[in-house]
Amino acid sequence: MDNLPLFKGTETDDFPPSINQETVEWALQKTYEFAQLMSCYRCAMMQIETKFNILNEEFSLQFDRQPISTVKTRLKNPLSIRSKLGSKQLPLSIESIERNLNDIAGIRVVCSFVEDVYMLADALLKQDDITLIEKKDYIRHPKPNGYRSLHLIVAVPIFLEHEKRLMKAEIQLRTIAMDSWASVEHQLRYKKENAFDADMEAEIRRCAELSAELDSRMNALKNAVYADVHNESTIIQKGLAEIKRRSGIKENGTSLL
Ligand code: GTP
Ligand code: MG
């Protein structure tokens with residue numbers, strides 16, 4: 001370590017001659033701006049995650065089941081940002097990140113049933129502070145390898161001390177079955193460095209089709225189960241009956257006490 005000038009000390013005159021005071025100041029400023037931008041994306045992620053948690057809460061009270069299995073968030077790391085800008089031959093700058101990349105803030109919502117994916121997407125997009133920038137429906141139109149998910153690029157405002165900023169985020173909504181297929185496919189593709197042979201391609205696609213069939217059968221089963229026991233009015237009636245029972249009110253409205 002000692003023979004590396006960068007690690008000798010913190011004084012700027014310890015840096016190699018090519019790194020002068022001005023360069024250091026510039027780097028510190030850029031590091032700060034980058035951290036600030038990432039912090040804004042983190043706020044946007046929190047905002048959207050909360051929106052989904054609220055929808056989950058509301059829905060579970062209304063229909064007595066939770067549509068969301070998990071919500072995961074991730075912030076794209078600096079190395080991935082650099083390589084994505086590089087691969088698209090875009091400038092490596094704070095402005096370029098904000099202008100060109102839509103998936104710095106990522107939110108993945110995993111549901112048990114396909115219908116809930118669309119219900120949640122619609123409920124989110126109805127909110128008046130959410131602007132839809134792009135929608136890719138890989139459920140109705142799967143990718144050639146069989147990948148399925150509903151992708152939304154949205155803009156959401158975040159309110160800071162002195163300003164309001166619109167931040168972009170990528171939301172992926174999918175079922176548990178779609179999520180497990182995508183996670184295994186990602187692992188295998190990574191292992192093969194993207195080079196599946198034709199048989200492997202066909203097999204992974206077949207697995208995706210099986211997983212789609214599973215989703216469709218489970219969704220039908222859910223509808224059969226909930227048609228019997230949980231339409232909205234029976235839940236409200238059961239809730240009212242429970243409130244009356246607990247507060248001691250008889251069916252005809254007179255008090256039991
Ligand atoms: P990039 O964001 O540059 O990759 O291009 P794009 O915006 O056209 O991508 P797209 O919206 O199709 O996909 C973005 C994200 O979806 C990826 O980063 C993955 O997380 C996921 N994804 C897309 N296709 C696949 C796939 O074939 N397999 C898996 N496992 N994930 C995928
Ligand atoms: Mg993308």
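Counting starts at 1 for both ligands and their atoms, following the listed order. Predicted model, so just to flag it, every value in this text is computed and none were measured.
Proximity of Asn102 to ligand 1, defined as any heavy-atom pair under 4.0 Å, is not found for any part of the residue. With a heavy-atom cut-off of 4.0 Å, Arg148 does not touch ligand 1 at all.
Comparing heavy-atom distances from atom 7 (O) of ligand 1 across Gln187, His151, Glu185, Lys136 singles out Lys136 as nearest. Closest heavy-atom approach to atom 19 (C) of ligand 1 among the candidates Arg189, Gln172, Lys88: Gln172.
The atoms of ligand 1 that sit less than 4.0 Å from any heavy atom of Tyr138 are 10 (P), 11 (O), 12 (O). For ligand 1 and Lys84, the ligand atoms under 4.0 Å from any heavy atom of the residue are 1 (P), 2 (O), 3 (O). Taking a cut-off of under 4.0 Å to the non-hydrogen atoms of Lys143, the atoms of ligand 1 that pass are 12 (O), 23 (C), 24 (N). Close contacts between ligand 1 and Ala182 involve ligand atoms 30 (N) [criterion: under 4.0 Å to a heavy atom]. For ligand 1, the atoms lying closer than 4.0 Å to a non-hydrogen atom of Arg108 are 20 (O).
Ligand 1 has an N or O atom lying under 3.5 Å from an N or O atom of Asn145, backbone or side chain. Not a single N or O atom of Ser183, backbone or side chain, sits closer than 3.5 Å to an N or O atom of ligand 1.
For the pair Lys222 and Phe113, the cation sits on the ring face: its NZ or CZ lies under 6.0 Å from the ring centre, inside 45° of the axis. Taking the centre and axis of the six-membered ring of Phe59, the NZ or CZ atom of Arg65 falls outside the cone set by 45° and 6.0 Å.
Side-chain contact annotation: Glu201 with Asn145, donor-acceptor N/O pair under 3.5 Å absent.
Here the side chain of Thr31 pairs a donor or acceptor atom with the backbone of Ala27 at under 3.5 angstrom. The closest donor-acceptor contact from the side chain of Ser69 to the backbone of Cys111 lies at 3.5 Å or more, if one exists at all. Here the side chain of Lys168 pairs a donor or acceptor atom with the backbone of Arg99 at under 3.5 angstrom.
When the salt bridge (charged side-chain N to carboxylate O under 4.0 Å, His left out) test is applied to Lys143, no partner is found at least two apart in sequence or on another chain.
Among residue pairs with one or both ends in residues 118-147, those qualifying as ring pair (Phe, Tyr, Trp, His ring centres under 6.0 Å) are Tyr138-Tyr147, Tyr138-His151, Tyr147-His151; sequence neighbours excluded.
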